[in-house]
Amino acid sequence: MPPWIALVDCNNFYVSCERVFDPRLRDKPVVVLSNNDGCVVARSNEVKTLGIPMGAPVFKLRSQIQAHNIQVYSSNYTLYGDLSRRVMQTLEQFTPEVEVYSIDEAFLGLSGDVDAIATQLRQTVQQWTGIPVSVGVAPTKTLAKVANHIATKSTGVCVLETPSTVLADLPVGELWGIGHRLSDRLHQQGIETALQLRDVELSWVRQQMGVVGVRLVQELRGISCLPLDLCPAPRKSCCMSRSFGRPVTAIAELKEAVATYAARAAAKVRRDELKAGVVTVFITTNRFKPSEPQYSNSAVVQLPQPENDMFTLVQAALRAVEWLYRPGYQYKKAGVLLTELSPASVVQTDLFSNLAQQEKREALMRTVDSLNRQFGVGTVFYAAEGIEKGWQMRTMLRSPGYTTRWGDLLLVR
DNA sequence: TCTGGGGTCCTAGGACCC
DNA sequence: TCTGGGGTCCTAGGACCC
C-alpha cells in the first residue's frame with residue numbers, strides 16, 4: 001500500500017457542472033436546488049460568501065436571490081452523474097488505486113512526489129472536464145479530508161505531513177465523522193479542537209464514542225484504520241423515494257407514484273445485476289405541517305424468491321399501498337425500498353415457477369431497459385405508473401441534458 | 001404556497017438454541 | 001439452599017456521510 005492517501009474533491013460540484021455548459025455563470029452567484037426545488041444543495045463561492053447555508057429552504061431566500069441576482073437551478077442528476085464519471089476516469093490516468101467515494105469525491109493511493117502529482121492531476125482534470133478540484137494528501141483518509149479542507153481554501157493542493165498546528169485550529173465538529181450530536185457531547189466535555197481530540201485517552205474515546213471514535217482518533221494520529229476500498233461490495237439496499245409536487249389524497253394517485261418508484265428501483269437493481277427478496281413501501285404526510293393530521297407507515301412484502309422483474313415488484317408494491325392507505329390524509333411523500341439483494345446470476349426457482357414465462361419477461365425487461373437508456377427514462381413504462389402524474393415533483397429550472405440527450409446538445413452559434 | 005434523497009455502519013436488547 | 005452461559009440472529013434506532 002502506498003504511503004499516501006489523496007482526497008480529490010470537486011469544488012461546488014453541481015454548480016461547476018452547470019458552469020461547464022454555461023460560461024456566463026462564471027463569477028456569478030449560483031445555487032442548485034434539491035429534488036422538488038426544496039432547498040439549496042450546492043452553492044458557488046459567491047453564494048457561500050453571502051452566508052447562505054447548505055440546506056437552506058429556498059422559500060426563505062427569496063429576497064436574497066432577488067437582491068444579489070442569484071442564478072437558481074433545479075438539480076440535473078443525469079448531467080452531474082455523467083460529468084462525475086469523466087472526472088473519475090481522468091483520475092484513473094494517475095493511479096489504479098481509485099476509490100470513488102461519492103458523486104464528487106474520490107480517495108486515491110499515491111506514492112512518490114505527491115505534491116507534483118497532485119498539482120498535475122488538478123490541472124488535468126480541469127483541462128479535460130472543465131471541473132475544478134481540490135486535492136488533499138495525508139497519511140490517512142481522515143487527515144486527507146483535513147488537507148482537502150485547507151487545499152480548497154488556498155491553492156487547491158495541500159500535502160499534510162505534520163498536522164499539529166492545523167488540527168489546533170480546526171473545530172472538532174468539522175472533522176469527518178463528527179456530526180452535530182458528537183460535536184455537542186465533545187464540547188460538553190471541554191473538547192473544542194481536533195488536536196484536543198487526537199490527544200485524548202483511547203479508553204475514554206472507546207467508552208464515549210465507540211469503535212468508530214477509536215478509529216477516527218487513530219487516523220488523526222496518522223495510523224490508517226480506514227483503508228482504501230478498491231472493490232466496493234455490492235450494495236445492500238436500493239431506495240427510490242420522492243416528495244410530491246402537491247399533497248396527494250387519492251389512493252389512485254398514490255398507487256401511480258409508488259408504481260413509478262417501484263419500476264425505477266427495479267431498473268436500478270437490474271442495472272446492477274441484482275435481485276430483491278423484500279419490497280418495503282412507505283408513505284407519509286407532511287411533518288412540517290403539524291396542524292394537519294399526521295400518518296406515516298410502512299409495509300414489508302417478502303417475495304417467494306428474489307426478483308428484479310418490473311411487473312412482480314410493482315405488483316408487490318401496489319399490494320402494500322392498499323394495505324397502508326388510510327383516507328383522510330394529505331400525503332406528501334412515498335418510497336420503495338428493495339432489500340435482501342442478491343446476484344441476479346444465481347438462479348433460484350421453486351416447484352411452481354414457469355421457466356418459459358420467466359425468460360420471456362427477462363427478454364422484455366432487457367428491451368425496456370435498452371429503450372429507456374437510449375431515449376431517456378420514461379420512454380417505456382408500466383401503465384400503472386400513470387400518464388398525467390399530477391403528483392410529480394417540481395423541477396422548474398432544470399438545465400438541459402447537455403451530454404445525455406441528443407436534443408439537448410449544446411449549440412455553438 | 002414553499003423544508004431532498006440515498007446510503008452505510010454500529011449498538012443494544014430480545015428471542016432462541018444448546 | 002442452589003436457577004448458566006455462550007453464541008447467533010434479528011430488529012429498531014441512532015449517527016453519520018454526501
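Every heavy atom of this structure was used, including side-chain atoms; hydrogens, water molecules and symmetry mates were not.
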Donor-acceptor pair between A:Asn11 and A:Ser134 side chains, under 3.5 angstrom: yes

Between B:dT8 (C1') and A:Trp176 (CH2): distance, integer Å: 12 Å

For atom CD of A:Glu174 and atom C1' of C:dC17, their distance in whole Å: 15 Å

OP1 or OP2 of B:dT1 under 4.0 Å from side-chain N/O of A:Lys289: no

Note, A:Ser296 side chain near A:Phe282 side chain (heavy atom, < 4.5 Å): no

Watson-Crick or G-U wobble partner of C:dC16, both distances under 3.5 Å: B:dG7

A:Tyr101, nearest nucleotide to its side chain (from C:dC18, B:dG7, C:dC16): C:dC18

Sugar-phosphate only, base, or nothing, as touched by A:Ile178 at under 4.0 Å among non-hydrogen atoms: sugar-phosphate

Selection from B:dT3, B:dT1, C:dC18 that lies nearest to any side-chain heavy atom of A:Arg62: B:dT1

Separation of B:dG6 P from A:Leu337 CG (nearest whole Å): 10 Å

Expected output: side-chain A:Glu219 to main-chain A:Leu226 donor-acceptor under 3.5 Å: yes

Pair A:Asn12-A:Ser44, side-chain donor/acceptor within less than 3.5 Å: no

Short side-chain N/O contact to B:dG4 OP1/OP2 from A:Arg242, under 4.0 Å: no

Separation between CZ of A:Arg361 and CE of A:Met310, rounded to the nearest 0.5 Å: 9.0 Å

Closest nucleotide among B:dT3, B:dG7, B:dC9 to the A:Pro57 side chain: B:dT3

Options C:dC17, C:dA15, B:dG7, nucleotide nearest the side-chain atoms of A:Arg181: C:dA15

Backbone N/O of A:Leu7 and side chain of A:Asn148: donor-acceptor pair under 3.5 Å: yes

A:Lys333 side-chain N/O to B:dT3 phosphate OP1/OP2 under 4.0 Å: no

Protein-nucleotide distance (A:Asp229, atom CG; C:dC17, atom C1'), rounded to Å: 15 Å

Selection from B:dG7, C:dC18, B:dG4 that lies nearest to any side-chain heavy atom of A:Ser102: C:dC18

Value in whole Å for how far the P atom of B:dC2 lies from CG of A:Asn35: 17 Å

Sugar-phosphate, base or nothing in reach of A:Asp37, heavy atoms under 4.0 Å: nothing

Between B:dG4 (C1') and A:Phe244 (CZ): distance, integer Å: 14 Å

Parallel, tilted or perpendicular, as decided by the 30° and 60° cut-offs, for the rings of A:Tyr261 and A:Trp391: perpendicular

Residue A:Arg206, side-chain heavy atoms: nucleotide from B:dC2, B:dT3, B:dT11 that is nearest: B:dT11

Rounded distance (Å) that lies between atom C1' of C:dC16 and atom CD of A:Glu105: 14 Å

Which residue lies more 5' along DNA chain B, comparing A:Ser241 with A:Val212 via nearest heavy atoms: A:Ser241

Sugar-phosphate only, base, or nothing, as touched by A:Ser237 at under 4.0 Å among non-hydrogen atoms: sugar-phosphate

Upstream residue (5' side of DNA chain B) when A:Pro234 and A:Val41 are each assigned their closest nucleotide: A:Val41

Residue A:Val211, side-chain atoms from C-beta onward, closest of B:dC10, B:dG4, C:dC18: B:dC10

Side-chain N,O (A:Lys145) to OP1/OP2 (C:dC18) below 4.0 Å: yes

N/O (side chain, A:Ser243) to phosphate O (OP1/OP2, B:dT3) under 4.0 Å: no

Rounded distance (Å) that lies between atom P of B:dG4 and atom CZ of A:Arg43: 16 Å

A:Lys236 side chain near B:dC9 phosphate (N/O to OP1/OP2, under 4.0 Å): yes

Among C:dC18, B:dT3, B:dG5, the one nearest A:Cys39 by side-chain distance: B:dT3

Sugar-phosphate, base or nothing in reach of A:Leu182, heavy atoms under 4.0 Å: sugar-phosphate

Nearest to side-chain heavy atoms of A:Arg215, which nucleotide of B:dG4, B:dG5, B:dC9: B:dC9

